[in-house]
Each structure stands twice: as C-alpha cells, then as structure tokens.
Asker: 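If you scroll down you'll find the structure; I have some questions about it.
Basis for what follows: all heavy atoms, side chains included, without hydrogens, waters or symmetry-related copies.
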Amino acid sequence: MSKIKACIFDLDGVIVDTAKYHYLAWKRLANEMGFDLTVEQNEQLKGISRMASLDILLGIGKKVFDDGEKQALASKKNTWYREYIQQMEPDEIFPGVIEYLNAVKGHGMKTAIGSASKNAMTILEQLGIVDYFDSIIDGNKAKKAKPDPEVFVKAAIELGIAPQNCVVFEDAKAGVEAAKNGGMYCVGVGSPEILGMADIVVSGLHEMNIAMLDF
Ligand code: B16
Ligand code: MG
C-alpha cells in the first residue's frame with residue numbers, strides 16, 4: 001500500500017500555464033524600460049518570487065533602481081498580470097488535472113496547493129477549482145522562496161500529514177529541491193533533464209495514475 005496520504009500541487013506550470021501571462025507582463029515592463037525579454041530569458045523567472053524575478057529582469061536590461069522604484073515596477077507588472085489572469089477561463093486548466101484531483105480524493109488522500117504566487121487564490125477562483133483543495137498555501141502565507149521547503153511544510157502541517165507521507169507535484173527545479181528539502185516525495189512535471197532530483201518525472205498530470213504513487 002502507498003505511503004502517500006497527501007498530494008501538494010504547485011500551481012503555475014502544474015495546474016495551469018500562468019507563466020505565459022507572467023511573461024507578457026514582464027516583457028511589457030522591459031519594453032517600457034527600453035529593452036526586450038526573450039522567451040529563453042523568461043525561463044530564468046519561472047517558479048521564483050516576484051521581487052527575485054524583477055532583479056533578474058533588471059540584470060538582463062542592465063538597469064539599476066533603488067528599493068522604492070523597484071516596488072513601483074513590481075506593482076506595475078502585477079497590475080498588468082492581474083488584468084491578464086482575470087480573463088482566464090476554466091478550459092485553460094491543463095489536461096488530466098481535474099480527473100487526477102478526483103482520483104486522489106477518491107482514494108482518501110488530502111490535497112493542497114503550495115505556490116509562490118500571491119495571486120494563487122485569484123487564479124483558483126477564476127478557474128473554479130478552490131474547493132478541490134483542503135489547504136491553500138501561497139506567497140502571502142509563506143515568506144521563504146523555494147528551494148526553501150516552507151510553502152510545502154506549511155501545507156503538510158495544515159493537512160495534518162507527516163512530510164514522509166506527502167508527495168509534491170512541481171514543474172520548477174527550485175520547487176523540486178524545496179520538496180526534497182522538506183523530506184517529501186516529488187513528481188516532477190516537465191523535462192527529466194531539468195527535474196532529475198524528482199522521484200519520477202511526467203510531462204503532465206494526464207500521465208499520472210494512482211499506482212504511480214507507490215514509492
Ligand atoms: P506572483 P508557482 C510562481 O508560481 C511563478 O512560477 C513565478 O513565475 C512567480 O514569479 C511567482 O509565482 C510569484 O507570483 O507575482 O503572482 O506573486 O509556480 O509557485 O505556482
Ligand atoms: Mg511552478
């Protein structure tokens with residue numbers, strides 16, 4: 001029988017592709033400052049916090065600002081980003097996600113979101129899937145960025161499940177490291193070259209079945 005009693009899901013890149021909206025908003029900010037952000041450069045911004053993303057963007061554009069100016073830039077980006085995500089539709093949920101949530105819940109497992117995003121609740125509401133999760137830990141509740149395990153550890157505590165009985169689903173290298181740092185199992189969602197530290201790697205939740213959680 002599987003040890004797994006709880007599934008903790010990262011949001012962006014596992015449940016839905018909000019990365020494309022982050023990209024549009026960061027690119028718009030870069031363009032306004034007089035430089036461009038390529039799709040390749042955008043890879044560096046995935047899975048990390050808003051302010052850490054801004055620092056990388058300013059490094060790409062070789063721009064220097066003080067803390068007050070950086071807060072204003074991050075806030076401007078977030079306003080644009082929120083405009084984009086408020087247009088999202090439930091059909092943007094990745095294939096297999098709803099089916100898999102129903103399957104794990106049907107097997108008596110608890111479910112949680114562990115996301116760095118301060119906009120996680122807005123996204124879940126927009127997609128109509130808030131009620132699928134017993135706990136939602138987002139960037140407002142966890143302060144330490146992945147690979148620190150705080151976001152997943154807090155989710156496990158809220159669920160009342162020991163870390164060694166939890167599995168985290170993650171698309172970012174820093175997120176896989178966070179899960180392992182927290183003593184949890186991890187399913188990498190994406191490429192095995194990038195997510196090699198995970199216990200197994202799949203291309204999406206549509207590839208998952210319950211038997212694959214038999215670690
Ligand atoms: P926000 P996740 C992360 O979400 C994104 O992957 C990352 O690109 C973003 O900078 C971060 O959330 C913060 O998002 O600006 O909305 O607070 O992958 O942890 O679900
Ligand atoms: Mg992610």
Asker: For the pair Val187 and Val167, evaluate side-chain contact (heavy atoms from CB on, under 4.5 Å) and give the outcome as yes or no after the intermediate values.
Answerer: CA-CA 7 Å; Val187 175; Val167 60; 3.8 Å; yes
Asker: If two hydrophobic side chains count as joined below 4.5 Å and joins carry through other members, does Phe133 share a cluster with Ile4?
Answerer: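 Yes, same cluster.
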Asker: What's the shortest heavy-atom distance between Ala142 and Glu150, and which atoms?
Answerer: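 Closest pair (atom of Ala142, atom of Glu150, distance): C-OE1, 3.6 Å.
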Asker: If you compare all heavy atoms of Leu195 against all heavy atoms of Val201, which two are closest, and at what distance to 0.1 Å?
Answerer: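 Between these two residues, the closest heavy atoms are O-CG2, 3.7 Å.
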Asker: Do Ile210 and Ile8 sit in one hydrophobic cluster, given that two such residues count as connected whenever their side-chain heavy atoms are within less than 4.5 Å of each other, even indirectly?
Answerer: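 No: no chain of side-chain contacts under 4.5 Å links Ile210 to Ile8.
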Asker: Is there a side-chain contact between Val202 and Met208, using heavy atoms and a 4.5 Å cut-off?
Answerer: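 The answer is yes; the side chains approach within 4.5 Å.
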Asker: Using a strict threshold of under 4.0 Å (side-chain N to carboxylate O), is an ion pair present between Glu158 and Lys154?
Answerer: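 Between Glu158 and Lys154 there is no salt bridge, as every charged N stays at least 4.0 Å from the carboxylate O atoms.
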Asker: Using modelled atom types and a 3.5 Å cut-off, is there a donor and acceptor pairing between side-chain atoms of Asn181 and backbone atoms of Glu177?
Answerer: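 Checked: pair present.
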Asker: For Asp148, is there an ion pair with Lys143 - N to carboxylate O distance below 4.0 angstrom?
Answerer: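 Between Asp148 and Lys143 there is no salt bridge, as every charged N stays at least 4.0 Å from the carboxylate O atoms.
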Asker: Could you check if a side-chain atom of Glu170 sits within less than 4.5 angstrom of a side-chain atom of Cys186, using non-hydrogen atoms only?
Answerer: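 Yes, side chains in contact.
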Asker: For the OG1 atom of Thr111 and the CG atom of Asp134, what is their distance to the nearest 0.5 Å?
Answerer: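 CG of Asp134 is found 4.0 Å from OG1 of Thr111.
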Asker: Measure the CG-OH distance between Leu124 and Tyr132 for me, rounded to the nearest 0.5 Å.
Answerer: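 The CG atom of Leu124 sits 12.5 Å away from the OH atom of Tyr132.
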Asker: Minimum heavy-atom separation for Ser53 to Ile48, with atom names?
Answerer: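 Closest pair (atom of Ser53, atom of Ile48, distance): OG-CG1, 3.5 Å.
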Asker: If you measure from the Lys or Arg side-chain nitrogens to the Asp or Glu carboxylate oxygens, is any gap between Asp214 and Lys3 under 4.0 Å?
Answerer: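 No, no charged N to carboxylate O under 4.0 Å.
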Asker: About how many Å separate NZ of Lys141 and OG of Ser115, when rounded to the nearest 0.5 Å?
Answerer: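 Rounded to the nearest 0.5 Å, the OG-NZ separation comes out at 12.0 Å.
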Asker: Return the minimal non-hydrogen interatomic distance between Phe152 and Ala178, and the atom names on each side.
Answerer: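 Minimum heavy-atom contact is CE1-CB, 3.8 Å.
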Asker: Please tell me whether Ile200 and Met197 are part of a single hydrophobic cluster in this structure, the criterion being side-chain heavy atoms less than 4.5 Å apart.
Answerer: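 Different clusters: Ile200 never reaches Met197 through Ile, Leu, Val, Met, Phe, Trp or Tyr contacts under 4.5 Å.
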Asker: For Ile161 and Cys166, which heavy atoms make the closest approach, and how far apart are they?
Answerer: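 Taking Ile161 first and Cys166 second, the nearest heavy atoms are CG2-SG, 3.8 Å.
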Asker: So, Ser75 side chain and Gln71 main chain: donor-acceptor pair closer than 3.5 Å or not?
Answerer: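 No, Ser75 side chain to Gln71 backbone: no donor-acceptor pair under 3.5 Å.
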Asker: Just do the side-chain contact (heavy atoms from CB on, under 4.5 Å) check on Met33 and Leu73 with the steps written out, would you?
Answerer: CA-CA 10 Å; Met33 290 188 282; Leu73 288 168; 4.3 Å; yes
Asker: Report yes if some heavy atom in the side chain of Thr18 is under 4.5 Å from a heavy atom in the side chain of Leu11; otherwise report no.
Answerer: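 Not in contact.
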Asker: Hey, does Met51 have a side-chain heavy atom less than 4.5 Å from the side chain of Leu54?
Answerer: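 Yes, their side chains come closer than 4.5 Å.
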Asker: Does the side-chain contact (heavy atoms from CB on, under 4.5 Å) test come out yes or no for Trp80 and Leu24, once each step is laid out?
Answerer: CA-CA 9 Å; Trp80 290 332; Leu24 284 177; over 6 Å; no
Asker: More than 12 non-hydrogen atoms from neighbouring residues, nucleotides or ligands closer than 6.0 Å to NZ on Lys27, yes or no?
Answerer: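 Yes.
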Asker: By the definition side chain to side chain contact (heavy atoms under 4.5 Å, CB included), identify the one residue from Val97, Ile85, Leu127 that meets it with Val16.
Answerer: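 Among Val97, Ile85, Leu127, the one meeting side chain to side chain contact (heavy atoms under 4.5 Å, CB included) with Val16 is Leu127.
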Asker: Hydrophobic cluster membership, with links at side-chain heavy-atom distances under 4.5 Å among I/L/V/M/F/W/Y: are Phe65 and Leu45 in one?
Answerer: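 Same cluster.
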Asker: Is there side-chain contact between Ile137 and Ile113, with at least one heavy-atom pair below 4.5 Å?
Answerer: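 Sidechains of Ile113 and Ile137: no contact.
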Asker: Do Asp171 and Ile194 make a side-chain contact, defined as non-hydrogen atoms from C-beta onward lying under 4.5 Å apart?
Answerer: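 SC-SC contact between Asp171 and Ile194 ruled out.
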Asker: Rounded to the nearest 0.5 Å, what separation is found between the CG atom of Asp199 and the CG atom of Leu213?
Answerer: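 Those atoms lie 10.5 Å apart.
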Asker: In Å, rounded to the nearest 0.5 Å, how long is the span from CD of Gln86 to CD1 of Ile123?
Answerer: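 Taking CD in Gln86 and CD1 in Ile123, the distance rounds to 10.5 Å.
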Asker: Are any non-hydrogen side-chain atoms of Ile98 and Ile129 less than 4.5 angstrom apart?
Answerer: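 In short, these two side chains touch, coming nearer than 4.5 Å.
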Asker: Does the ring of Tyr81 carry Lys77 above it, NZ/CZ under 6.0 angstrom from centre and within 45° of its axis?
Answerer: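 Yes.
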Asker: State which residues pass ring-ring contact (aromatic ring centres under 6.0 Å, His included) with Tyr185; sequence neighbours excluded, sorted by chain then number.
Answerer: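 Here the qualifying residues are Phe215.
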Asker: Once you round to the nearest 0.5 Å, how far does CD1 of Ile93 lie from CD of Glu99?
Answerer: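 It is 9.5 Å, given to the nearest 0.5 Å.
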Asker: Please verify the inter-ring angle class for Phe9 with Phe169; under 30° counts as parallel, over 60° as perpendicular, anything in between as tilted.
Answerer: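 Geometry flag for Phe169 against Phe9: parallel rings.
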Asker: Is the number of heavy atoms from other residues, nucleotides or ligands under 6.0 Å of Lys110 NZ greater than 12?
Answerer: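 No, the 6.0 Å shell around NZ holds no more than 12 heavy atoms from other groups.
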Asker: Under 3.5 Å, is there a donor-acceptor pair between the side chain of Glu69 and the main chain of Asp66?
Answerer: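 Answer holds: yes.
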Asker: Any salt bridge linking Lys146 with Asp10? Criterion: basic side-chain nitrogen under 4.0 Å from a carboxylate oxygen.
Answerer: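 Looking at Lys146 and Asp10, the cut-off is met.
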Asker: Using the rule side chain to side chain donor-acceptor pair (under 3.5 Å), only one of His22, Lys20, Arg28 pairs with Tyr84; which is it?
Answerer: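 That would be Arg28.
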Asker: Ignoring hydrogens and angles, state whether a donor on the side chain of Glu92 or Tyr21 is under 3.5 Å from an acceptor on the partner side chain.
Answerer: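 Present: a donor and an acceptor within the cut-off.
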Asker: Given Val39 and Tyr23, is the side-chain contact (heavy atoms from CB on, under 4.5 Å) satisfied, shown in steps?
Answerer: CA-CA 8 Å; Val39 174; Tyr23 175 56; 3.7 Å; yes
Asker: Which heavy atom in Ser203 sits nearest to a heavy atom in Val189, and how many Å separate them?
Answerer: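 In this case the closest contact between Ser203 and Val189 is O-CG1, 4.0 Å.
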Asker: Would you indicate whether His206, at its atom NE2, is surrounded by more than 12 heavy atoms from other residues, nucleotides or ligands within a distance under 6.0 Å?
Answerer: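 Result for NE2/His206: enclosed.
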Asker: Using side-chain heavy atoms (C-beta onward) and a distance below 4.5 Å, is Ile15 in contact with Phe94?
Answerer: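 No - every pair of side-chain heavy atoms lies 4.5 Å or more apart.
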Asker: Side chains of Asn119 and Asn78: any donor to acceptor distance under 3.5 Å?
Answerer: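 On atom types as modelled, these side chains qualify, holding a pair under 3.5 Å.
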Asker: Taking atom CG as the centre, does Asp131 end up with more than 12 heavy-atom neighbours from other residues, nucleotides or ligands that are less than 6.0 angstrom away?
Answerer: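 Check fails, neighbour count at 12 or below.
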Asker: Do side-chain atoms of Asn209 reach the backbone of Met212 as a donor and acceptor pair under 3.5 angstrom?
Answerer: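 Yes.
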Asker: When you measure from the side chain of Asn140 to the backbone N and O of Lys118, does any donor-acceptor pair fall under 3.5 Å?
Answerer: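 Yes; at least one donor-acceptor contact below 3.5 Å.
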Asker: Evaluate whether atom NZ of Lys5 has more than 12 neighbouring non-hydrogen atoms of other residues, nucleotides or ligands under 6.0 angstrom away.
Answerer: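 Atom NZ in Lys5 is not packed in, count stays at 12 or less.
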